[in-house]
Number of protein chains: 2
Amino acid sequence: MAQELILDDRKQEILKSIVANYLETGEPVGSRTISKMGSLNLSSATIRNEMSDLEEMGYVVQPRTSAGRVPTDKGYRFYVDQVMSEKVDSDKSQGALLERVDKLENLLMQVAKVLAYNTQYASIVTSPRLRNKQVKFIQLSQVDEERLVAVIVVGDNVAKNQLIRVQRPLDNEEVLKFNILLNTFLQGISVDEINIELMQTMKRQAGEGEYADILEAIFEGIVDAVHQAEETHIYTSGASNILKYNELGDINKATALLETFEEQTGLSELADEALKSDDKNIQIYIGDESPVQNMKDCSIVTSTYELPEGAKGTIGIIGPKRMDYKKVVSTLKSLTDELDTIFRKE
Amino acid sequence: MAQELILDDRKQEILKSIVANYLETGEPVGSRTISKMGSLNLSSATIRNEMSDLEEMGYVVQPRTSAGRVPTDKGYRFYVDQVMSEKVDSDKSQGALLERVDKLENLLMQVAKVLAYNTQYASIVTSPRLRNKQVKFIQLSQVDEERLVAVIVVGDNVAKNQLIRVQRPLDNEEVLKFNILLNTFLQGISVDEINIELMQTMKRQAGEGEYADILEAIFEGIVDAVHQAEETHIYTSGASNILKYNELGDINKATALLETFEEQTGLSELADEALKSDDKNIQIYIGDESPVQNMKDCSIVTSTYELPEGAKGTIGIIGPKRMDYKKVVSTLKSLTDELDTIFRKE
DNA sequence: TATTAGCACTCAAGCACACAGAGTGCTAAC
DNA sequence: GTTAGCACTCTGTGTGCTTGAGTGCTAATA
């Protein structure tokens with residue numbers, strides 16, 4: 001009985017039509033609709049038989065008896081794999097979307113906005129994950145009688161500072177001494193190697209008793225600044241677009257999604273996951289494939305950009321499963337290209 | 001005919017009851033409900049007459065014929081003025097809500113989160129508007145062969161840095177020279193005074209031709225950093241809470257609101273407005289009183305915190321007009337107090 | 001004169017029911 | 001293997017009915 005079913009050419013065509021149609025309309029697709037499209041000359045009855053097979057194979061489902069068919073995650077997956085293999089190229093027509101901006105932070109925020117605006121979905125952009133976490137430069141300076149400022153440069157692109165309040169002004173000699181101490185111990189070491197023991201050693205070197213409180217403040221400030229430099233920032237935009245797609249279910253799901261965007265913790269998992277994948281190109285997660293629980297009803301498309309020194313960041317789009325994949329992929333490609341170009345120039 | 005109506009004691013009581021009841025239930029309030037509350041011993045018929053008067057006076061409306069009454073903005077305003085005059089004190093029970101955090105940025109973000117979490121409305125917190133915009137400290141240092149870092153301290157709490165790429169390494173003497181130049185011209189002057197002319201003068205001083213490109217980069221970097229330091233940051237939290245209150249109307253209004261939160265431009269207007277008011281205490285905007293167009297269906301409650309040196313910032317709550325004003329006001333007071341205390345200590 | 005009881009009226013919400021339309025699965029004919 | 005035809009299912013919509021909450025007005029009452 002259980003004759004094995006294979007996805008022959010005709011079934012593939014029908015499946016593609018179903019998905020394409022559903023992407024457009026958002027309504028379950030009936031056999032008659034497919035038949036009337038005319039690309040394959042078959043009666044609705046034949047289509048019905050094929051659709052029945054496709055259902056058995058798990059590519060489509062009926063949301064209820066006597067309604068049309070809707071693609072499952074598996075169906076979307078087939079469609080995406082198929083369509084994406086037909087080489088989507090980046091949409092060059094957008095031209096110079098990104099204005100010239102200096103600060104990395106501003107640039108990435110702008111990328112997020114452009115993505116969200118062009119696609120009308122929600123976008124996410126992460127700052128590059130540092131590969132080179134060496135402390136390149138560290139310097140303490142006196143601002144005025146009660147404040148010092150510490151400047152720390154980590155890797156190739158990140159500078160952080162920290163204002164440090166002290167009880168009494170230090171004289172030049174003392175500042176110099178601290179600077180020598182800090183540079184001796186910290187310059188060139190990796191961020192990961194900075195720990196309490198190291199700090200203890202430095203304190204002993206400095207002649208503990210005398211400066212104990214000042215040292216404490218300085219160390220605290222430096223550890224803080226370093227950790228901050230290491231942190232991955234996440235920029236999002238267009239989260240409110242999610243509300244436009246009510247097939248994302250009830251308001252509760254939408255709320256949960258928006259909360260995920262506000263929390264950001266889920267998003268950073270997503271970014272990690274996207275970076276982890278070996279495939280350096282476009283990455284597509286459909287429904288249950290999503291690494292984030294609250295996004296099991298969405299599709300996520302990500303891409304990776306790369307700084308000249310090798311640090312990588314993620315840019316991505318989050319939207320309904322019924323998403324315009326072609327457009328999203330081409331927009332992402334286009335912006336990734338543009339980012340890569342900008343970074344190479346600089 | 002047009003006998004003049006005055007808001008006598010009894011009408012006031014009834015109005016208060018209507019508003020209070022509506023705040024709780026969100027349903028139009030009928031005469032019978034008020035009558036049965038028992039605080040004033042009147043039959044529903046009497047209440048009906050009074051309610052009719054209140055409607056004529058513009059404090060309440062009927063959403064449709066033969067439904068109960070709902071407060072208008074004017075009605076809310078009466079209630080708020082009345083209830084707030086009964087001295088709400090800050091909710092001390094919350095105790096040490098704010099963990100000790102060093103960076104101002106983190107502190108304010110945390111305030112926003114606590115506000116949103118405690119009230120279940122949306123919150124907004126702005127960084128203090130600098131009053132003292134003097135450049136306190138400015139220093140250029142060489143990081144490595146192709147990069148400099150500029151550190152600028154503005155006012156009492158803000159330090160910014162900027163990485164600057166240069167074509168060739170500078171020797172110590174050159175760096176020193178630049179530092180002297182920068183400090184001579186910039187230290188102690190107000191941020192507003194930094195303009196192109198000043199930059200031109202400095203360039204001439206430096207011996208234009210030789211360093212033209214380097215100077216250009218440095219100036220650009222510095223102007224950028226200064227402007228950044230001057231910028232007011234806005235932190236928001238709990239924007240998704242807005243969706244919980246569907247009396248905020250259809251999904252379109254909710255979307256518009258969320259977009260306002262993402263855009264932030266509307267929010268900064270709001271913050272400006274809130275700071276402008278002479279009243280240094282709690283400020284309440286109801287419905288149409290809102291300075292932001294998209295929030296005409298909301299109520300906004302703001303408070304002002306102050307740094308020891310006089311810089312002021314805003315913290316506020318945005319929610320439905322049907323808002324728990326007492327709780328919101330007490331939470332805001334509590335957090336404002338706590339902020340003030342933290343700043344005074346430091 | 002202010003309050004109240006009573007009554008007629010209005011409207012929204014819930015329920016039952018019928019009906020049209022879309023879509024399916026199956027069978028028999030081509 | 002394909003198709004026409006038919007019976008069946010289910011949703012959505014429109015209609016009519018009932019109930020309950022609430023109002024405004026009038027006349028009686030304290």
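Protein chains get the first letters and strands the later ones, always in sequence-line order, with residue 1 at the start of each. Atoms considered below: every heavy atom in the structure, side chains included; atoms not considered: hydrogens, waters and symmetry mates.
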Examine the side chains of [X] and [Y] and answer whether a donor and an acceptor come within less than 3.5 Å of each other.
X	Y	value
A/T331	A/N118	no
A/T302	A/Y285	no
A/Y325	A/S299	yes

Examine distances only and state if a side-chain atom of A/Q62 and a backbone atom of A/A67 form a donor-acceptor pair shorter than 3.5 Å.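 The answer is yes, because a donor-acceptor pair under 3.5 Å joins these two groups.
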So, the side chain of B/Y121 versus the backbone of B/L115: is there a donor-acceptor pair under 3.5 Å, distance only?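 Side chain of B/Y121 to backbone of B/L115, a donor-acceptor pair under 3.5 Å: no, none is there.
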Under 4.0 angstrom, heavy atoms only, what part of the nucleic acid is A/S44 near: base, sugar-phosphate, or nothing?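 No contact at all - A/S44 keeps every heavy atom at 4.0 Å or more from the nucleic acid.
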Measure the CZ-CZ distance between B/R48 and B/R32 for me, rounded to the nearest 0.5 Å.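 Here the rounded value is 10.0 Å.
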Show the nearest heavy-atom pair for residues B/S290 and B/I300, with the distance to one decimal.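 Closest pair (atom of B/S290, atom of B/I300, distance): OG-CD1, 3.6 Å.
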Whether A/K74 engages the ring of A/Y59 as a cation-pi pair (distance to the six-membered ring centre under 6.0 angstrom, angle to the ring normal within 45°) should be assessed.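 Yes.
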Do A/S52 and A/R69 make a side-chain contact, defined as non-hydrogen atoms from C-beta onward lying under 4.5 Å apart?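 A side-chain contact under 4.5 Å exists here.
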Determine whether more than 12 heavy atoms belonging to other residues, nucleotides or ligands lie under 6.0 Å from atom CZ of A/R77.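 Enclosed: over 12 neighbouring heavy atoms sit under 6.0 Å from CZ of A/R77.
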Near DNA chain C, counting only heavy atoms under 4.0 Å, which residues of residues 58-66 of chain A show up?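 Going residue by residue through residues 58-66 of chain A, the ones with a heavy atom under 4.0 Å of DNA chain C turn out to be A/Q62, A/S66.
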Terminal contacting nucleotides, 5' and 3', DNA chain D versus chain A (heavy atom, 4.0 Å):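 For DNA chain D, the relevant span reads D/dT2 to D/dT11.
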Every protein N/O within reach of nucleotides 3-5 of chain C N/O, cut-off under 3.5 Å:
from	atom 1	to	atom 2	distance (Å)
C/dT3	OP1	B/R10	NH1	2.7
C/dT3	OP2	B/R10	NH1	3.4
C/dT3	OP2	B/R10	NH2	3.1
C/dT4	OP2	B/S43	N	3.1
C/dT4	OP2	B/T46	OG1	2.6

